[in-house]
Amino acid sequence: MRNANAETDAGAHGVFAFAHHGRDGLAILRFDFAALDEEVEQFVNGLPSVGGFQIGDDLLFPKNVRERHRKKTASPFRSKQTADSRTNSIPSSICPRLMAGACHVWTPRIILPQHLSVANPTNTAQPMSVRVRFAPSPTGYLHIGGARTALFNWLYARHTGGTFVLRVEDTDAARNSQEAVNVILDGLRWLGLDWDEGPLTADATGPSKGDRGPYFQSQRKENYARRVEALLSRGLAYESEGAVRFKMAREPVLIRDLVVGDVTRALTDREEQEPDFVIMRSDGSPVFHFVNVVDDLEMGITHVIRGEDHLSNTAKHVALFQAFGVEPPKYAHIPLILNADGSKMSKRDTGAALTYYMENGYAPEAVVNYLSLLGWSPKDGREVIPLKELVEMFDLPQILRHNARFDHEKLKWMNGEYVRAMPADRFYEMAVHTLARAGLDTNRFPTAYVKAALDTCLGKVRIFSELAGYAGFYFTDQVALDAEALAALTPEARERLKRLRDACAALAEFNAVSLETALKETAKSLGVKNGLMVHPCRFACTGKGSGPSLYHLLEVLGRERVLARMDAALSA
RNA sequence: GACCCUAUCGUCCAGCGGUUAGGACACUGCCCUUUCACGGCGGUAACCGGGGUUCGAAUCCCCGUAGGGUCGCCA
């Protein structure tokens, strides 16, 4: 114990020491001697002192080291926990006082004796530039989970200043088409996920950018043939019934995953029967596991970020990389996205396809933001985060390991946040587009009218598909009065409406201010509350019980339409 | 059947050995308001179960249970 140290270094907070602390062994303690009482000091003096550590230092072994691994590596304190080290346990009588401020405690989660040195980030080798890829199969739709996988890859590439590669896995020629490829390209473009390398068009033989192409697997057949040949010639693969099988290891494979941790994948019972898997079919076409690895290898992919559904198969991929004599890329298997009820999200489920969001008036930046928060979150707990900051904060270690359910309600809320903050022009554009999809042609009306109408909706809708129901009355010739509307138009209500109609007709200026005055005066003269005037009027003019601000809506509609609609309602 | 992953409010996340278990969505009470939203102030609501380690466990370990994934000449 370097007690002297504490005394000479006035102001410096004493000494670092190790103590046995709970089951996980050592804690680093930092003592402030000024605050120690005698009993505590006595205890402290019995501790082995250490140098070069600080509170919070990682003595690590990363937290993703799994217990299996730990058992193998000879647990440091179970085996070494002698009576001697026991005496360094922090006694309960002292602990509270230590915690009270005399001492700072840091308990590393896992400590291995041979790692009792501070991890030094500066001495790690210069990291290679990151290359990630998104490798979808053109099936005709882009799954929302696939979109998130693309997003995570993109975010990681942008975060690290690396390269985002788009590769089309169109090995199954029969069910691929340019339209199917376009669904992917359009989806990624819509989300704003630009790729640094990959196809420029949906044409497999068309132009692309990047020097590691082609970026369509259908154009890479020679590479696969050559690689199969290489394995064959080295006896690492063999022919069987016309197909080529890879000689798979008959023992568990260690998968080091940046998200899941170290996974030892043992053979299943079926694999025990036949461990060697086909890499090339009898018709000469290579299978997914093979092409995937060959392409990743040849394209210099450094990090494979993909859905957790690939985790088990990663053993095959690792074995293949090893057969080719190279280190496998770093893997990061991200959790899956499930339906609200926890079931797997399949093609048929609402919102499973990205096109759903493209077509229903969602803002891509909201979808991106929401997706980024599924399985990942920034430390500060914020939720509405601009893309730029997402890029800055995103990283692999923070990704969770458990699946997430897709919450449409929260997405709608998120979308509303973005819609509200949206520039007016963008709002008009998206509104007109979505309205048109709902069969409401805004082109029939003057631009000024359309804009004025939409201005009354700013900040009112969360997703644009709500707009047709909210503001459709602006763009129809007649309002449909449903049962609810008719029920509201009682004889008394009609009487009030009639009075309001006449007041409106007599108005010199027909605007929100004058309308409000007129309505309130009419209510006053009738001796009723404003609300009793408001509701019949709203129903008559819009057919609904709720909507944009009444006075503004009336102004936009204009005297002519308003009077016509009131008359129509009065005679309905 | 085997193998692998996972488990905190209804949902998404915080938490990484000592917290009155925190935030967001949703739900809900009040205020604001011509409606609906927005906004403001509140509320309901969670550590899957059982063992163990520890003075102390939501946090570490084990066993159950549940959910998900994978075992193709699909991708």
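Letters A, B, ... mirror the listed sequences (proteins, then strands); counts begin at 1.
- For A:N313 and B:rC71, the shortest distance from a side-chain N or O to OP1 or OP2 is below 4.0 Å.
- Base engagement by A:G547 is indicated by at least one non-hydrogen atom pair under 4.0 Å involving a base atom.
- The residue A:L311 sits close only to the backbone: its heavy atoms come under 4.0 Å of sugar-phosphate atoms, none of a base.
- Among the protein residues, A:E516 comes within range of no part of the nucleic acid, since none of its heavy atoms lies under 4.0 Å from any strand.
- With C1' as the reference atom, B:rC55 and B:rA14 are 27 Å apart, rounded to whole Å.
- Pairing of B:rG29, defined by two Watson-Crick or G-U wobble distances under 3.5 Å, is identified with B:rC41.
- Pair assignment for B:rA24: B:rU11, on the basis of Watson-Crick or G-U wobble contacts that are both within less than 3.5 Å.
- Using a 4.0 Å heavy-atom distance criterion, A:G531 is classed as making no nucleic acid contact.
- Taking atom NZ of residue A:K410 and atom C1' of nucleotide B:rA26, one finds them 10 Å apart after rounding to whole Å.
- Nucleotides B:rC30 and B:rU70, compared at atom P, are 49 Å apart to the nearest Å.
- Comparing A:S240 and A:S312 against RNA chain B, the residue whose closest nucleotide sits nearer the 5' end is A:S312.
- A:G375 comes within 4.0 angstrom of sugar-phosphate atoms only, judged by non-hydrogen atoms across all strands, and of no base.
- When distances are taken from the side chain of A:E169 to each of B:rA75, B:rC4, B:rC73, the shortest belongs to B:rA75.
- Nucleic acid contact for A:S285: none, since no nucleic acid atom lies under 4.0 Å from a heavy atom of the residue.
- When rounded to the nearest whole Å, the span between CG of A:L532 and C1' of B:rU35 equals 13 Å.
- One C1' atom belongs to B:rG56, the other to B:rG42, and the distance between them is 34 Å to the nearest Å.
- Residue A:A404 is in sugar-phosphate contact alone, with no base atom involved, counting any heavy-atom pair closer than 4.0 Å across all strands shown.
- Residue A:K460 has its side chain nearest to B:rU35 when only B:rU35, B:rU70, B:rG1 are considered.
- Taking the P atoms as reference points, B:rC25 lies 15 Å from B:rA37, given to the whole Å.
- Base contact: A:Y470 has a heavy atom under 4.0 Å from a base atom.
- Here the nucleotide nearest the side chain of A:L336, chosen from B:rC13, B:rA75, B:rG68, is B:rG68.
- Remark: the separation of the C1' atoms in B:rG23 and B:rA45 is 14 Å, to the nearest Å.
- Note that OH of A:Y470 is 11.5 Å distant from CG of A:L454, once rounded to the nearest 0.5 Å.
- Residue A:H408 places no side-chain N or O under 4.0 Å from the OP1 or OP2 atom of B:rU11.
- Nucleic acid contact for A:R265: sugar-phosphate only, since backbone atoms but no base atoms lie under 4.0 Å from a heavy atom of the residue.
- The separation between A:K379 atom NZ and B:rC16 atom C1' is 15 Å, rounded to whole Å.
- A donor-acceptor pair under 3.5 Å links the side-chain atoms of A:D349 to the main chain of A:S346, judged by distance alone.
- Using a 4.0 Å heavy-atom criterion, one finds that A:L519 contacts no nucleic acid atom at all.
- In this structure, of B:rU34, B:rG1, B:rA75, it is B:rU34 that holds the atom nearest to the side chain of A:L550.
- Distance alone, capped at 3.5 Å, places no donor-acceptor pair between the A:S240 side chain and the A:A243 backbone.
- Nucleic acid contact for A:S282: base, since at least one base atom lies under 4.0 Å from a heavy atom of the residue.
- Aromatic pair A:F152/A:W376: centroids not less than 6.0 angstrom apart.
- Distance A:E484 CD to B:rU35 P: 16 Å, rounded to the nearest Å.
- Side-chain proximity of A:F288 to B:rC25, B:rA75, B:rG1: nearest is B:rA75.
- When rounded to the nearest whole Å, the span between CD of A:E272 and C1' of B:rC3 equals 10 Å.
- In this structure, A:H333 reaches neither bases nor backbone, as no heavy-atom distance under 4.0 Å exists between it and the strands shown.
- Outside the 6.0 Å centre-distance limit, the rings of A:F290 and A:F277 are not counted as a close aromatic pair.
- The same atom, C1', is picked in B:rC16 and in B:rC47; the two are 14 Å apart, to the nearest Å.
- In this structure the side chain of A:Y418 never reaches within 4.5 angstrom of the side chain of A:Y362, judged on heavy atoms.
- A sub-4.0 Å separation between OP1 or OP2 of B:rC36 and a side-chain N or O of A:R462 is absent.
- Distance from the side chain of A:W413 is smallest to B:rC25 among B:rC25, B:rG69, B:rG68.
- Each of B:rU35, B:rA24, B:rC71 was ranked by its minimum atom distance to the side chain of A:T268; first place goes to B:rC71.
- For A:R405 and B:rC12, the CZ to C1' distance is 11 Å, given to the nearest whole Å.
- A:Y370 comes within 4.0 angstrom of nothing in the nucleic acid, heavy atoms only.
- In this structure, A:H333 has its ring center at least 6.0 angstrom away from the ring center of A:H310.
- Of all heavy-atom pairs spanning A:L554 and A:V562, the tightest one is O-CG2, 3.7 Å.
- Base pairing annotation: B:rG18 forms a Watson-Crick or G-U wobble pair with B:rC55, both donor-acceptor distances under 3.5 Å.
- Listed nucleotides B:rA75, B:rC73, B:rU34 differ in distance to A:Y551; the shortest reach to its side chain belongs to B:rU34.
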Derivation and outcome, side-chain hydrogen bond (donor to acceptor under 3.5 Å, both in side chains), residues A:T522 and A:R496: CA-CA 8 Å; A:T522 309; A:R496 294 194 295 273; over 6 Å; no

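- Applying the Watson-Crick and G-U wobble criteria (two distances, each under 3.5 Å), B:rA66 pairs with B:rU6.
- Residue-to-nucleotide proximity on RNA chain B shows that, of A:W376 and A:E417, the 5′-proximal contact is made by A:W376.
- Considering only side-chain N and O atoms, A:R281 lies under 4.0 angstrom from the phosphate OP1 or OP2 of B:rA75.
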Steps toward side-chain hydrogen bond (donor to acceptor under 3.5 Å, both in side chains) verdict (A:R306, A:T314): CA-CA 11 Å; A:R306 52 163 42 156; A:T314 304; 3.2 Å; yes

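- Rounded to whole Å, the C1' atom of B:rA24 lies 40 Å from the corresponding atom of B:rC74.
- B:rC73 atom P lies 8 Å from atom NZ of A:K316, rounded to whole Å.
- Straight-line distance from the CD1 atom of A:I337 to the P atom of B:rC5: 22 Å, rounded to whole Å.
- When the P atom is compared between B:rG52 and B:rA58, the two are found 15 Å apart, to the nearest whole Å.
- Among the protein residues, A:R382 comes within range of no part of the nucleic acid, since none of its heavy atoms lies under 4.0 Å from any strand.
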